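Just so you know, these numbers use all the heavy atoms, side chains as well, and skip hydrogens, waters and symmetry mates. Residue indices begin at 1 and follow the sequence shown. No experiment lies behind these values; they were computed from the predicted model shown.
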Amino acid sequence: MTINIIKCSLEDSRKLQEISYETFNDTFRHQNSPENMNAYLERAFNLEQLEKELSNISSQFFFVYFNHEVAGYLKVNTNDAQTEEMGDESLEIERIYIKNKFQKHGLGKYLLNKAMEIAMDRNKMKIWLGVWEKNENAIAFYKKMGFVQTGAHSFYMGDEEQIDFIMTKTLI
Ligand SMILES: CC(C)(COP(=O)(O)OP(=O)(O)OC[C@H]1O[C@@H](n2cnc3c(N)ncnc32)[C@H](O)[C@@H]1OP(=O)(O)O)[C@@H](O)C(=O)NCCC(=O)NCCS
């Protein structure tokens, strides 16, 4: 069994689009209307949008490979790329997704540790993320990893306003 984390480059946009669609769909389709899901998928994961994000020097994407197959991905933001004004001493995990068949094998933790490593290398004081209040699986995972709820913000799935909990882990 081999696990590798590889940083994505601009050339990976299609591969990133594929895994983004698949994992977002698998995670949220059963709790949302097809219209709202499709609107979100089109807006968030069209190639132009992903290429813009891949080109942002304050964002980084990583694939995690399990035995040479892409099993999941991570997106982290610093500085102005963060989706909330959290300041330069914070790092945001904007996306962390493991494909269904690879979940519960330690890969989410592996990606989360990668985000922590980046945050510590850059002397960040905390790491934070937004998670849908109904995403109980992810909330339990983050709690297990030492995150605590520190706030909430709105997130739009198509035209539906949803509440995301903001969860934070202090690093020092
Ligand atoms: C949430 C997610 C990233 C977790 O990744 P994962 O690979 O399944 O989790 P891991 O196997 O790395 O689990 C790490 C630890 O968390 C624990 N854990 C994971 N899910 C848990 C849950 N639902 N309840 C309690 N503990 C959980 C594991 O038992 C493990 O504990 P250990 O370190 O003592 O062994 C993954 O399930 C996922 O991609 N879900 C769908 C997408 C999603 O919701 N992403 C987050 C959007 S905000």
Side-chain angles (χ1 to χ4, degrees), residues 1-29 32 34 36-124 126-132 135 137-138 141-142 145 155-158 164 169 171:
M1 175 188 99
T2 55
I3 299 172
N4 287 306
I5 292 184
I6 309 279
K7 190 172 187 294
C8 300
S9 65
L10 195 53
E11 289 68 45
D12 292 316
S13 59
R14 284 189 185 280
K15 197 153 70 167
L16 181 62
Q17 186 182 45
E18 258 173 49
I19 191 168
S20 301
Y21 260 86
E22 176 185 330
T23 52
F24 198 87
N25 241 323
D26 287 348
T27 307
F28 299 115
R29 190 165 281 283
N32 288 282
N36 283 339
M37 278 296 289
N38 292 340
Y40 184 84
L41 288 168
E42 176 47 37
R43 182 171 62 81
F45 303 133
N46 68 74
L47 274 185
E48 194 185 341
Q49 177 62 28
L50 289 178
E51 283 167 7
K52 195 169 130 200
E53 293 177 27
L54 281 162
S55 306
N56 186 333
I57 53 162
S58 297
S59 296
Q60 294 182 72
F61 288 85
F62 298 89
F63 290 133
V64 60
Y65 286 82
F66 185 85
N67 289 341
H68 310 293
E69 189 179 341
V70 182
Y73 78 104
L74 168 75
K75 180 186 181 195
V76 295
N77 297 323
T78 51
N79 305 323
D80 291 347
Q82 295 176 95
T83 59
E84 290 279 339
E85 283 187 21
M86 292 288 184
D88 291 350
E89 291 180 335
S90 297
L91 176 141
E92 176 186 16
I93 295 181
E94 188 183 350
R95 298 189 190 126
I96 180 165
Y97 286 85
I98 303 295
K99 287 184 183 177
N100 277 354
K101 72 170 175 171
F102 294 107
Q103 287 177 16
K104 308 278 193 283
H105 288 83
L107 295 179
K109 186 174 175 175
Y110 208 80
L111 280 181
L112 200 117
N113 284 340
K114 176 71 184 177
M116 302 247 295
E117 202 182 289
I118 296 168
M120 286 190 286
D121 277 354
R122 297 180 177 202
N123 298 316
K124 303 295 181 193
K126 65 178 183 174
I127 187 160
W128 72 277
L129 54 90
V131 54
W132 189 24
N135 190 350
N137 176 58
F141 164 74
Y142 296 134
M145 296 293 106
F155 169 90
Y156 278 87
M157 175 74 85
D164 270 4
K169 183 176 166 108
L171 297 176

Give the minimum heavy-atom separation between [X] and [Y], together with the two atoms involved.
X: Ala119; Y: Leu171; result: CB-CD1, 3.5 Å
X: Asn77; Y: Ser59; result: OD1-OG, 2.8 Å
X: Gly158; Y: Ala39; result: CA-CB, 4.1 Å
X: Gly72; Y: Leu111; result: C-CD1, 4.4 Å
X: Leu107; Y: Ala71; result: CD1-CB, 3.7 Å
X: Met1; Y: Asn67; result: CA-OD1, 3.2 Å

Task: Main-chain N/O of Val76 paired to Gln60 side chain as donor or acceptor, under 3.5 Å - done: no
TODO: May I ask you to decide if Asp88's main-chain N or O and Lys124's side chain share a donor-acceptor pair within less than 3.5 Å?
DONE: yes
Atom [atom1] of [X] with >12 non-hydrogen neighbours under 6.0 angstrom:
X: Leu10; atom1: CG; result: yes
X: Asp80; atom1: CG; result: no
X: Glu84; atom1: CD; result: yes

Nearest 0.5 Å, what's the [atom1]-[atom2] distance between [X] and [Y]?
X: Trp128; Y: Ile93; atom1: CH2; atom2: CD1; answer: 10.5 Å
X: Ile127; Y: Met120; atom1: CD1; atom2: CE; answer: 8.0 Å
X: Leu50; Y: Asp12; atom1: CG; atom2: CG; answer: 11.0 Å
X: Phe61; Y: Glu94; atom1: CZ; atom2: CD; answer: 7.0 Å
X: His105; Y: Phe66; atom1: NE2; atom2: CZ; answer: 6.5 Å
X: Ser90; Y: Leu129; atom1: OG; atom2: CG; answer: 11.5 Å

- [ ] Quick one: do Phe45 and Leu16 satisfy side-chain contact (heavy atoms from CB on, under 4.5 Å)? Show the steps, please.
- [x] CA-CA 9 Å; Phe45 303 133; Leu16 181 62; over 6 Å; no
Task: Set of residues satisfying salt bridge (charged side-chain N to carboxylate O under 4.0 Å, His left out) with respect to Glu18, sequence neighbours excluded - done: none
TODO: Run the numbers on Glu42 and Tyr21 for side-chain contact (heavy atoms from CB on, under 4.5 Å), then give the verdict.
DONE: CA-CA 9 Å; Glu42 176 47 37; Tyr21 260 86; 3.9 Å; yes
Side chain proximity check, [X] to [Y], heavy atoms < 4.5 angstrom:
X: Glu51; Y: Ser13; value: yes
X: Asp26; Y: Lys101; value: no
X: Asn100; Y: Gln103; value: yes
X: Lys169; Y: Met116; value: yes
X: Val64; Y: Ile98; value: yes
X: Lys104; Y: Asn137; value: yes
X: Tyr142; Y: Ile96; value: yes
X: Gln49; Y: Arg43; value: no

Open item on the list: Checking Thr23 now: which residues fulfil side chain to side chain contact (heavy atoms under 4.5 Å, CB included) with it, not counting sequence neighbours?
Closed with: Ile19, Tyr73, Tyr97, Lys99
- [ ] In sequence, state the C-alpha distance, the side-chain angles, and the governing distance for Arg29 and Asn38, and then conclude on side-chain hydrogen bond (donor to acceptor under 3.5 Å, both in side chains).
- [x] CA-CA 9 Å; Arg29 190 165 281 283; Asn38 292 340; 3.1 Å; yes
Open item on the list: Tell me if the centroids of the rings in Tyr40 and Phe155 come within less than 6.0 Å of each other.
Closed with: yes
TODO: Please identify each residue that fulfils ring-ring contact (aromatic ring centres under 6.0 Å, His included) with Phe28, with sequence neighbours left out.
DONE: Phe24, Trp132
- [ ] Could you go through the side-chain contact (heavy atoms from CB on, under 4.5 Å) check for Met157 and Met37 one step at a time?
- [x] CA-CA 7 Å; Met157 175 74 85; Met37 278 296 289; 4.2 Å; yes
Open item on the list: Is it the case that the side chains of Glu92 and Thr83 hold a donor-acceptor pair, with the cut-off being a distance below 3.5 Å and no angle test?
Closed with: yes
